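Heads up: the structure comes next, in structure tokens.
Quick caveat, the model's predicted, so the values are computed rather than measured. One is the number of the first residue; the rest follow in order along the sequence. Counting starts at 1 for both ligands and their atoms, following the listed order. Hydrogens, waters and symmetry mates play no part in the numbers below; they use all other heavy atoms, side chains included.
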Amino acid sequence: MTRSVNFPVFILAVALSLSSSLLAQHSDDPKPIRREVYEGGKIYDISHRYTPEIPAWESSEGLGKTFLRLAASMKNGSFANVSEMKLSVHSGTHVDAPGHFWDNYYDAGFDTDSLDLQVLNGPALLVDVPRDKNITAEVMESLHIQRGVRRVLFRTSNTDKRLMFKKEFDSSFAGFMTDGAKWLVENTDIKLIGLDYLSFAAFEESPATHRVILKGRDIIPVEALKLDGVEVGTYSLHCLPLRLVGAEGAPTRCILIK
Ligand SMILES: [Zn+2]
């Protein structure tokens, strides 16, 4: 706003333009636009939509219809529509905090509000891992990720199989094995790991693998990322989890900018 515009006039102009755009929308019978990619590839939305059909941990029913409900409805006389949600904090695209697998960290308050936004935002490498293999020490070594790389998104066969688009939980998903996690901690500078199913750790070794990654409280796992349709390479990653004080996980929106 320039100094010559006086404030009430500015407010009136905004109000008029808003009301005219609302009127225009009504007359056009508008449809919402839902995007995966913006501006011909500049922004990739790598978050999954929260729908009743997305898979949930060890469930055959998915997230289910009850996670979101219209608590106040204009059709029932309320002056506004107001929805409520109830869901595990590890649903859909989300982050884990150190308290997820370390009870002492949970008690000490290492929750999602304590996560470092400088780790969650910055240059990130998207890599393809060998298919139909879990991420072992050997696989980690074969990826030749250079020292200094701080954020890596690992695309696995989970993306090829579209597991996040299947309602039924699939425990055969690909993820980190404990030795792969140890190798990462000991031999890389990676502080953010992104995977493409509900857990970054393979099902059979999930607790031990989580503990290895979360022990130092300096690595943030981002789980259930939507990595299809994005080319391998370096991007600017932006993840902004909800500030859930006391929670060891939080839904997050993540985008890549080329
Ligand atoms: Zn989680």
One thing to verify: whether Glu231 and Lys258 come together as a salt bridge, which I'm taking to mean a side-chain N less than 4.0 angstrom from a carboxylate O.
no
Would you say Asp170 and Ser172 are linked by a side-chain donor-acceptor pair, where the criterion is simply a distance under 3.5 Å?
yes
Whether Phe173 and Tyr197 hold their rings parallel, tilted or perpendicular, with breakpoints at 30° and 60°
tilted
Taking the ring centre of each residue, are Phe165 and His48 less than 6.0 Å apart?
yes
Once the angle between the rings of His210 and Phe101 is folded into 0 to 90°, is it parallel (under 30°), tilted (30 to 60°) or perpendicular (over 60°)?
parallel
Pair Lys167 + Glu53: basic N to acidic O under 4.0 Å:
no
Proximal protein heteroatoms (N, O or S) of the Zn ion (ligand 1), under 2.8 Å
His90 ND1, His94 NE2, Asp96 OD1, Glu223 OE1
